[in-house]
Amino acid sequence: MRFITNKEIAQLLRAVSAAYSATGGDRFKIIAYDNAADSVEHATSELKDLWEENKLDSVPGLGKSIQSHLDELFKTGNVKHFDEVMKNLPPGMFELLNIGGLGPKSAYKLAKELQVKNVKDLENAAKKGKIRNLAGFGPKSEQDILSAIEELNLKPQTRYTLPFAYGVADNVLSYLRQHKDCDRAEPLGSLRRMVATVGDIDIAVASENPKGIIEHFKKFPQIKRILDAGERKSSVLLFNGIQVDLLVQPTHAFGALLQHFTGSKNHNVHLREIALKNKMSVSDYGITIKGKLNEYKNEHQFYRALNMDYIEPEMREDTGEIEAATKGTLPKLVKVEDIKGDIHLHSSFAIEPSHDLGQNSFEEIIEKAKSLNYEYIGLSDHSPGFSTHSKQQIVDLIKQRTDKIEQLKNSTKQIGILNLLEIDILNTGEISVPEEGLKLLDGAIAGIHSSHRQDKKSITKRLLNACENPHVKVISHPTGRLLLQRESYDANWPAVFEACKNTHTMLEINAWPSRLDLPDALVREAIKYKVKLIINSDAHEVSQMENMPFGVSVARRGWATKENIANTLPWVEFKKMFDV
DNA sequence: GCCGTTTTCGGCCCGACTGTTTTCAGTCG
């Protein structure tokens, strides 16, 4: 049978939730299905694999009932109970849920009353003025639906990489800060939590004049449509298709707003449930204790009031951080300032590489590293093309490059230099540089750069082979994902982690904004296996060495401490891991 | 439907905004 992906399962669970919702089903059952869908989407393993290993119950939010439905799904490709739930619903309603502002009830009513089968049908109905006559709808909602459909069609993508989202946020922030009553303006939500991709932009403003700020915000020149605008809250859609949500709160109570709007939703819900058990009520205004609202200037005060330690934004995903904060066992996360070197750097040295050459000379890279206060760097160009060079040619090119780097080592005293190469793990599992070439280096970074679509077994074998090679010190961008472009390949990660630990091979957290690979959830797993991680920029141009903080944020989201990250070590310690 | 060292039953976050209403339901974050 065809492999059913987590994405498809999440979509199915959401459809069931919508079906229950449309027909006035139990509110908590609806939430349970939505939670299950979220959880499936965030799972680090494919559910089909977990099911085969009898480990479905390791996924939070999947209880007895949903697990048995999934069991049926994997066995037969179908779930009778789901069919039953959706039996009497117009199939067209589910597509309508993609339209902004339409939830299950409206979608159900529209699909049923107007007999529309898809978004296109609905658009035609709206244009003919058929929606305004339905009970509960009117001319305004008809127009809103038309606008939302237009935006749905225009929208180039639904998520964005962090640097892009920060760029957009910065424009809005500097505009908001122009207002005389704006005390503070901060990007929050997934942007502040540094999630790998961001769906919309959340901004909070501290001001004693919320109305004035909202009015100012509504005049931001890049706004295509104002979705809503109230006394303290507004949402708009920009011409580039990105939605910006704004919340305003007086400065003396800004802490609770920061906390609320940073999220995540699951973190907040859990926090509020715990507060309730302790007879407190949490909202974005503050914490109500014995009927009295307590306000907080900052988040430290806020978390303290709930009897827990301050939780870093990157950890707020409700994956155990609240329990740890309560017990006082949160890890002390690695910081950007802890990073002492970057060893995945591509230069313009003419090595006739298999993949892209860098833009800058060794000397330029060294200068940039000094400006970043690094103690060391690793020069790690791609190895010479495997199919285009003979083994002897590869070795000769590495010799020339090694001579040049050895000269630099002698003339550069302030900064440690490693002579590395990023080599390919070929589809056979073989390495793209012969032993004679590897011996000339201080070590190698090995990565998969081809045949990403191999099955799990083959990919795992390739990674394990690389680990076994004593010259390979690092596995680069371990899952091969390209955010918004290419999915990770699947591998037996526990086996890879075990091998890394046993062979002292480091796993890279690649800071390139569309990689961020290892992904945060796997970082956390790797740490449980005591794997050493290393954060590298993979820069092909010196300014890209400044991407390091994106990699650090991935490590932080994976709960990494300084001790988990190899390149927080000073040079004298760090170099011991290489053949120098 | 899920979940649990105060529970295997009885809970399940909290609020803003809008359009279509005559006080609120639906949607969203």
Side-chain angles (χ1 to χ4, degrees), chain A residues 13 16-22 24-39 56-57 59-70 81-82 85 96-97 99-110 131-145 148 188-190 199-204 210 214 226-237 243-249 256-257 259-288 293 306 318 322-323 326-327:
Chain A
L13 294 170
V16 175
S17 160
Y20 276 126
S21 191
D26 178 58
R27 189 159 66 96
F28 298 109
K29 200 190 275 192
I30 293 164
I31 293 172
Y33 269 94
D34 278 332
N35 285 342
D38 283 346
S39 180
L56 269 190
D57 56 359
V59 182
L62 300 187
K64 234 179 170 179
S65 166
I66 296 183
Q67 280 181 47
S68 80
H69 293 322
L70 293 182
H81 175 68
F82 293 172
V85 172
L96 304 188
L97 293 170
I99 300 168
L102 290 190
K105 303 230 163 152
S106 312
Y108 171 65
K109 202 183 272 181
L110 289 167
I131 292 177
R132 62 179 67 198
N133 299 323
L134 296 175
F137 293 87
K140 183 69 170 70
S141 49
E142 185 174 81
Q143 184 52 49
D144 284 348
I145 287 171
L188 303 181
S190 48
D200 61 13
I201 289 170
D202 299 319
I203 290 176
I214 298 284
I226 296 171
L227 300 172
D228 53 38
E231 302 263 310
R232 64 183 286 261
K233 195 175 161 181
S234 174
S235 292
V236 303
L237 197 69
Q243 181 173 328
V244 183
D245 298 329
L246 174 72
L247 276 177
V248 192
Q249 186 131 306
L257 183 62
Q259 197 288 320
H260 164 76
F261 216 19
T262 297
S264 64
K265 185 185 132 200
N266 289 341
H267 175 86
N268 287 354
V269 168
H270 191 170
L271 213 58
R272 289 166 184 204
E273 283 172 354
I274 287 182
L276 271 184
K277 283 178 189 153
N278 294 311
K279 305 205 183 325
M280 300 188 265
S281 172
V282 170
S283 78
D284 40 340
Y285 292 102
I287 304 175
T288 305
L293 176 70
L306 292 171
D318 193 25
I322 291 174
E323 291 82 352
T326 307
K327 287 188 215 145

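Note that this is a predicted model, so its numbers are computed, not measured. Below, read A as the first sequence line, B as the second, and so on, with proteins coming before strands; counting in each chain starts at 1.
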Which part of the nucleic acid does [X] contact within heavy-atom distance under 4.0 Å: base, sugar-phosphate only, or nothing?
X	result
A:I31	nothing
A:K277	base
A:D26	base
A:Y108	nothing
A:D245	sugar-phosphate
A:L102	sugar-phosphate

Query raised in the report: Between B:dG29, B:dC12, B:dT27, which nucleotide gets closest to the side-chain atoms of A:K105?
Result: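 Of all the options, the side chain of A:K105 is nearest to B:dT27.
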
Query raised in the report: Among B:dG29, B:dT27, B:dG1, which nucleotide sits nearest the side chain of A:Y33?
Result: B:dG1

Spacing of [X] atom [atom1] relative to [N] atom [atom2], expressed in whole Å:
X	N	atom1	atom2	value
A:D38	B:dC2	CG	P	14 Å
A:K29	B:dG10	NZ	P	19 Å
A:L97	B:dC28	CG	P	9 Å
A:F28	B:dC9	CZ	P	19 Å
A:I274	B:dG11	CD1	C1'	15 Å
A:R27	B:dA25	CZ	P	13 Å
A:F82	B:dG1	CZ	C1'	11 Å
A:N35	B:dG1	CG	C1'	10 Å

Distance check, [atom1] atoms only: [N] and [M], in whole angstrom units.
N	M	atom1	result
B:dT20	B:dC14	P	31 Å
B:dC9	B:dG15	P	32 Å
B:dG10	B:dC17	C1'	32 Å
B:dA16	B:dT21	P	24 Å
B:dC13	B:dT5	C1'	24 Å
B:dC2	B:dT6	P	23 Å

Report task. Answer whether the closest heavy-atom distance between the side chains of A:Q259 and A:L271 falls below 4.5 Å. Result -> yes

Query raised in the report: Hey, which of these two, A:V85 or A:G103, hits DNA chain B nearer its 5' end, going by closest nucleotide?
Result: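 Looking at DNA chain B, the more 5' nearest nucleotide goes with A:V85.
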
Requested in this report: Between A:N268 and A:D202, name the one whose nearest nucleotide on DNA chain B is closer to the 5' end.
Outcome: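 This one resolves to A:N268.
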
Only pairs under 3.5 Å count here: list side-chain donor-acceptor contacts from residues 281-288 of chain A, not counting sequence neighbours, and write none if there are none.
residue	atom	partner	partner atom	Å
A:S283	OG	A:Y285	N	3.0
A:D284	OD2	A:R232	NH1	3.3
A:D284	OD2	A:R232	NH2	3.3
A:Y285	OH	A:R232	NE	3.3
A:Y285	OH	A:R232	NH1	3.1

Looking at [X], I'd like to know whether one of its side-chain N or O atoms comes within less than 4.0 Å of OP1 or OP2 on [N].
X	N	result
A:Q243	B:dG29	yes
A:H267	B:dG29	no
A:S235	B:dC28	no

Requested in this report: Please indicate whether A:E231 has more than 12 foreign heavy atoms, meaning atoms of other residues, nucleotides or ligands, lying under 6.0 Å from its CD.
Outcome: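 At most 12 heavy atoms, drawn from other residues, nucleotides or ligands, come within 6.0 Å of this atom.
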
Report summary line: Letter by letter from the 5' end, nucleotides 14-20 of chain B scores (B base, S sugar-phosphate only, - none; protein heavy atoms under 4.0 Å) BBSSSSS

Query - Exam field: side chain A:D228 to backbone A:S235, donor-acceptor pair closer than 3.5 Å - result: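 Flag set: sc A:D228 to bb A:S235 pair under 3.5 Å.
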
Query raised in the report: So, A:T326 side chain and A:I322 main chain: donor-acceptor pair closer than 3.5 Å or not?
Result: yes

Report task. Counting Watson-Crick and G-U wobble pairs only, both distances under 3.5 Å, name the nucleotide matched with B:dT27, or none. Result ->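 Base partner found: B:dA16.
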
Requested in this report: Could you grab the distance from atom CZ of A:F261 to atom CG of A:D202, nearest 0.5 Å is fine?
Outcome: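 Between A:F261 CZ and A:D202 CG, I get 4.0 Å after rounding to 0.5 Å.
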
Query raised in the report: Quick one: salt bridge (Lys or Arg N to Asp or Glu O under 4.0 Å) pairs with a partner in residues 266-280 of chain A, sequence neighbours left out?
Result: none

**Report entry** Chi angles and distances behind the side-chain contact (heavy atoms from CB on, under 4.5 Å) call for A:Y108, A:S21
**Finding:** CA-CA 9 Å; A:Y108 171 65; A:S21 191; over 6 Å; no

Query raised in the report: Should the pair A:Y20 and A:Y33 be assigned to parallel (<30°), tilted (30 to 60°) or perpendicular (>60°) ring geometry?
Result: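 Rings of A:Y20 and A:Y33: tilted, as their planes differ by 30° to 60°.
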
